[in-house]
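Written below as C-alpha cells is the structure these notes are about.
Everything quoted here is computed from the prediction, not taken from an experiment. Each chain gets a letter, A, B and so on, in the order its sequence line appears, and its residues count up from 1.
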Amino acid sequence: MRITEDQAEKIRQLTQEIFGSEAELKVFGSRLDDQLKGGDLDLLVKSLTPLAEPARKSALLGARVSRLFQGRKVDVLLIAPNLKYLPIHRIAEKQGEAL
Amino acid sequence: MTSREELAERLSFLARIAAREADLLQFTTERLFKDQPALNAALVSQWTQNNLIAEQLDAFVARFGRLQDTLGDKLMPNLLELLGEKRGAAVDNLDKAERLGWIESTDAWLLSRQLRNQMIHEYIEDPEVLADALNQGRAQVKMLTWAAEQMLSEVAKRLN
C-alpha cells in the first residue's frame, strides 16, 4: 500500500477525532495497487453507532486528509446503522484493507 | 499591452463574473430555502421527486460550485500574482488568502469543496446524506459570498 506509516498514523488520528475511537478505517481503490502511482485516495469509515451530520463528517475527514496529501483528491465513504448500505459499500468493505 | 495591464484586465473580468455568480447563488439560496427549517431525509426525498424543485436544487449546487471555482481557481491566484506572490499549489494559495483575510480559513474552504460532490442528488442515493450535505451547503453560502466581497474589494482597491 503506497501510504507511509507516518501518513497512516495521521489518517487514523484524524478519523478518531471525527468519528470516535470505535470507528473502523479501511483504504480501498487504486491506492491499494502498488504498481500505480498517485491517484485518488478512497477511505471507508465504518461506525457501529448512528452518525449525525454524515456529509459534514465525511467532508471534514476528506478535507483534512487531502491537506496531508498536498491537495490530492480524497473520497470518504461511510457505513453506519442510520445510513443506506449500497453496492459500493459492499465492494469497498470486501476490497478494502484495514489501515 | 503590458503583462500588468493584461493581468488588470483579466482581474476586472473575473471580478465581474464573481459578482454575478455571487448574486445568482444568493438568489437561488433564498428561493430554495426561504422559511425552510433544516432539511431532513423525508423532505429531501420529496424534493428530488419534484422536477421543479430538483431543477432549483441543481441550480443551487451548480452556482455554489461555480462561485467557488471562480474565486478559488481563478480570482485568487490572479490576485496573488498582482500582489507579486509566486504561483503556488492550491493549498498554499488558500493559506495566503487566509492570512490576507480574503477567506475565513483554508480548512473551511477545503471542507466546502469536499461537500460539493455530496450535494448532487443524481448520485447521492442516501437522502440522509443528501439532506445533511444541503444543510451544510446552505450554511456555507455566507462564507462564500463573504469571500467574494473581500476579494472584490481587494480588486477594486488595487485597480483604482
Salt-bridged, A/K57 to B/D132, with N to O below 4.0 Å? no
Most contacts with chain B, counted as non-hydrogen pairs under 4.5 angstrom, among A/L83, A/L78, A/L61: A/L83
Within 6.0 angstrom of B/R20 CZ, more than 12 heavy atoms from elsewhere: no
Using heavy-atom distances under 4.5 Å, tell me whether A/L60 contacts chain B through its side chain, its backbone, both, or neither. both
Given the rule that I, L, V, M, F, W and Y join up when any side-chain heavy atoms are under 4.5 Å apart, are B/I124 and B/I53 in one cluster? yes
Would you indicate whether B/Q36, at its atom CD, is surrounded by more than 12 heavy atoms from other residues, nucleotides or ligands within a distance under 6.0 Å? yes
Relative to chain A, which of B/T106, B/N135, B/L134 shows the most heavy atom pairs under 4.5 Å? B/T106
Is it the case that atom OH in A/Y85 sees more than 12 heavy atoms from other parts of the structure closer than 6.0 Å? yes
Tell me whether B/D126 contacts the main-chain N or O of A/K84 through its side chain, where contact means a donor paired with an acceptor under 3.5 Å. yes
So which heavy atom on A/S58 is nearest to which on B/Q118, and how close? OG-NE2, 3.1 Å
Do B/L82 and B/V155 sit in one hydrophobic cluster, given that two such residues count as connected whenever their side-chain heavy atoms are within less than 4.5 Å of each other, even indirectly? yes
What's the separation between atom CZ in A/R64 and atom CG in B/L110, rounded to the nearest 0.5 Å? 10.5 Å
Can you hop from B/M151 to B/F13 via hydrophobic side chains spaced under 4.5 Å? yes
Going only through I, L, V, M, F, W and Y residues with side-chain contacts under 4.5 Å, is there a path from B/W109 to B/L100? yes
Contact class of B/E125 relative to chain A, heavy atoms under 4.5 angstrom: both
What is the minimum heavy-atom distance between B/Q114 and A/A63, and which atoms define it? CG-N, 3.6 Å
Does any backbone or side-chain atom of B/A133 lie under 4.5 Å from a heavy atom of chain A? Answer side chain, backbone, both or neither. both
Do B/L83 and B/M76 sit in the same hydrophobic cluster, where Ile, Leu, Val, Met, Phe, Trp and Tyr count as joined when their side-chain heavy atoms come under 4.5 Å apart? yes
Looking only at heavy atoms, what is the nearest atom pair of B/V129 and A/A55, with distance? O-CB, 3.6 Å
Which distance, rounded to the nearest 0.5 Å, do you find between the CD of A/Q70 and the CG of B/D92? 9.0 Å
